[in-house]
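In what follows, chains are A, B, ... by sequence order, proteins preceding strands, each numbered from 1. It should be emphasised that the depicted structure is a prediction, and the values quoted were computed from it without experimental measurement.
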Protein chains: 2
Amino acid sequence: MAVTQEDVARRAGVARKTVSNVISDYPHVSDRIRKKVLAAIEELGYQPNRAAQNLRSGRSGMIGLAVPELDVSYFAELTRLVVQATERRGLTVLIIQTFGDLTREHASLNGFGHQRLIDGLICSPIASSGEDILNRGGGFPVVLLGEQVSVAPDHAGIDHVGIDNVAAARTATEHLLSLPRKRVAFVGASRSTDSHMADLRLAGYRQALAAAGVPLRPELVFSVNGYHRRDGAEAGRRILALPPEERPDGVFCANDLLAQGLMRALHDTGYRIPHDVAVVGFDDIDEATYSIPSLTSVSPDKAQIAETAVALLLDRVNGSDEADHDTVTDFSLVVRESTAGPRR
Amino acid sequence: MAVTQEDVARRAGVARKTVSNVISDYPHVSDRIRKKVLAAIEELGYQPNRAAQNLRSGRSGMIGLAVPELDVSYFAELTRLVVQATERRGLTVLIIQTFGDLTREHASLNGFGHQRLIDGLICSPIASSGEDILNRGGGFPVVLLGEQVSVAPDHAGIDHVGIDNVAAARTATEHLLSLPRKRVAFVGASRSTDSHMADLRLAGYRQALAAAGVPLRPELVFSVNGYHRRDGAEAGRRILALPPEERPDGVFCANDLLAQGLMRALHDTGYRIPHDVAVVGFDDIDEATYSIPSLTSVSPDKAQIAETAVALLLDRVNGSDEADHDTVTDFSLVVRESTAGPRR
DNA sequence: GCCGGTGTTTACCACGTGGCAGAGAAAGTT
DNA sequence: AACTTTCTCTGCCACGTGGTAAACACCGGC
């Protein structure tokens, strides 16, 4: 069934190893032999056995990409970019969804209980702590995406790529305050698992309030169970349960999906956006451009994140760079309809 | 560095093969030895080498899932379900994005130029023809998702899972006609690549018109370059370029993203949905529930599709089922705001 | 005490490939 | 002409595992 180098060698009338040499572009092979071997490969339709290559070489040619969920558009968009950056370098990406589950994150950090499945991992951690990541057992390099996880001072061989979440959240909140809006809420504090991402964005929100001399009102910080549209809608309903005079006139959401769900819930009760409530999201997913109203959002440079992460990881995989990198990527605030103009 | 069965065996004072037996739950192993071996595994942190297992067993434990693009929400949602269904059976999914590119689809059908990378493939083809799929060289079973690709009569060892696209499109169009709407357009005919999916949905649209005795107006069939929001928005602008009396009062879009882009473009010019134009989408992605207005959509039973596809594929991988299956899964029409009520 | 049976452990081999170094031939040097 | 160097090609080995079957130990029965 399967054609091996042995079969090709027989067909071409050479040694099996010569076939291997042709394939791996070993320089000292005569043109005559090379042609014969290539012809035999063509005729027989030989394809290398990845498992054997992998076993022999110790490389799988795959890197892992662990993201929480692909149906969170931000990660889908980022995944696409990471895959493209990796393929450009001739490798394959094994995409793993962790669903924010600690067990699954550990599994990915430990190589899924298998050696040599992946040569390296790009991981966007949710539940894992710094220690979890340091204690990884996979034996392969790791690049962390997104929020900076506090690991040991020397990072211990782990790279990081992501934007400055605190600064970005501060920028978003300052934008709401400048419209001006008086009662600016934060939606997306973490309720169940402790999400470092949420902590950082909440910190930026607080910094902006403090800088503007606005007292933090705990009743305007809304926790969520997750970061999907339904969780945003649920937060919206909690906002509407407040007495009218206590409701916010501006909301900064920890991600765009929350914002979309929130806008939908507010819309159901006749609230106008941005007229009654201005909304800012985070991630700048494609939907933010096209939703009604379109959504003002913090836009991380996803292409830069993907490209940097892949480059750093492969440098480590190839052993060409041992230093620890902590790359801070760019972001911008894209202003759209959801924050256009002052209140009333 | 890497701990092998050999190391475990030395530690436990047994033969290497005994370690292998313990791991593969060979029944005739004494408790005393089993405990010793398991203890040694624990102490040394042994992890099986996947490449070696793969090489020896001829199984990779991975199946491929080839979808056009993960940032098309329908595929992201479907991917999640396929991954969950596969993991429940103890296997891993290698997710591949083909971007509707023929070369990439061929690569996936042929196992990416490598043997034994995947044990089977679930493929959602866009560009591939029936022959392309029949001439696959991967040597592993394939399950096709989505539109029925016309392959040879006996299917030649290929399963298919998907809804009846024609019937679903007819249902959607009939819904628009029943509101009633007089000028019902179709958005999503394929412009560049020939998309079988688009052909089928267009066919359903035509059937519904014919059944209602409504003549097909070619100027109400809009082609697109792709199936993203931007393509829907572009179609919307072409609709707005028509003289007002020629514009449709109902639009059936080939997928939800087109519908979202279309609604956005119409909204920009002050069109009210469903007041002026009723819109129906296809896929029932999460966004359809939360958008403003929420979107009436054909809802394929994605969980059923994923579950069936994985079950069929693994039956073939395990050799337990050789018959060709063509499973037609359920769909429903979920009516929401975008088609609520008659015109004007 | 020998024997078949059952339970437990082990030795050997093969999966397909790449690294290494050696064999043989051709070319260049003294 | 003999010797070195360079170029081609080849054979051997190991990667870590699971399948097959042989070896060994123990047990009960005649």
Is the phosphate of D:dT8, meaning OP1 or OP2, less than 4.0 Å from a side-chain N or O of A:T18?
-> no
Name the nucleic acid region contacted by B:S57, choosing base, sugar-phosphate or nothing; use a 4.0 angstrom heavy-atom cut-off, strictly under.
-> nothing
Base, sugar-phosphate alone, or nothing: which one does A:Y26 contact when heavy atoms must sit under 4.0 Å apart?
-> base
Name the nucleic acid region contacted by A:N21, choosing base, sugar-phosphate or nothing; use a 4.0 angstrom heavy-atom cut-off, strictly under.
-> base
A:R16 (side chain) and C:dG18 (base): donor-acceptor pair under 3.5 Å | yes
For B:T4, which contact category applies under a 4.0 Å heavy-atom criterion: base, sugar-phosphate, or nothing?
-> sugar-phosphate
B:S20 vs D:dG18: side-chain N/O to OP1/OP2 distance below 4.0 Å | yes
Side-chain contact check for A:L55: nearest option of D:dC15, D:dT8, C:dT17 is D:dC15
Stepwise side-chain contact (heavy atoms from CB on, under 4.5 Å) test for B:L144 and B:D159 | CA-CA 6 Å; B:L144 295 181; B:D159 294 328; over 6 Å; no
Counting any heavy atom closer than 4.0 Å, what does A:A15 reach on the DNA or RNA strands: base, sugar-phosphate only, or nothing?
-> sugar-phosphate
Cut-off 3.5 Å, side chains only: do B:T329 and B:D301 have a donor facing an acceptor?
-> no
Please state whether the phosphate of D:dG18, meaning OP1 or OP2, lies under 4.0 angstrom from any side-chain nitrogen or oxygen of B:Q53.
-> yes
Give one of base, sugar-phosphate or nothing for B:P27, where a contact means two heavy atoms less than 4.0 Å apart.
-> nothing
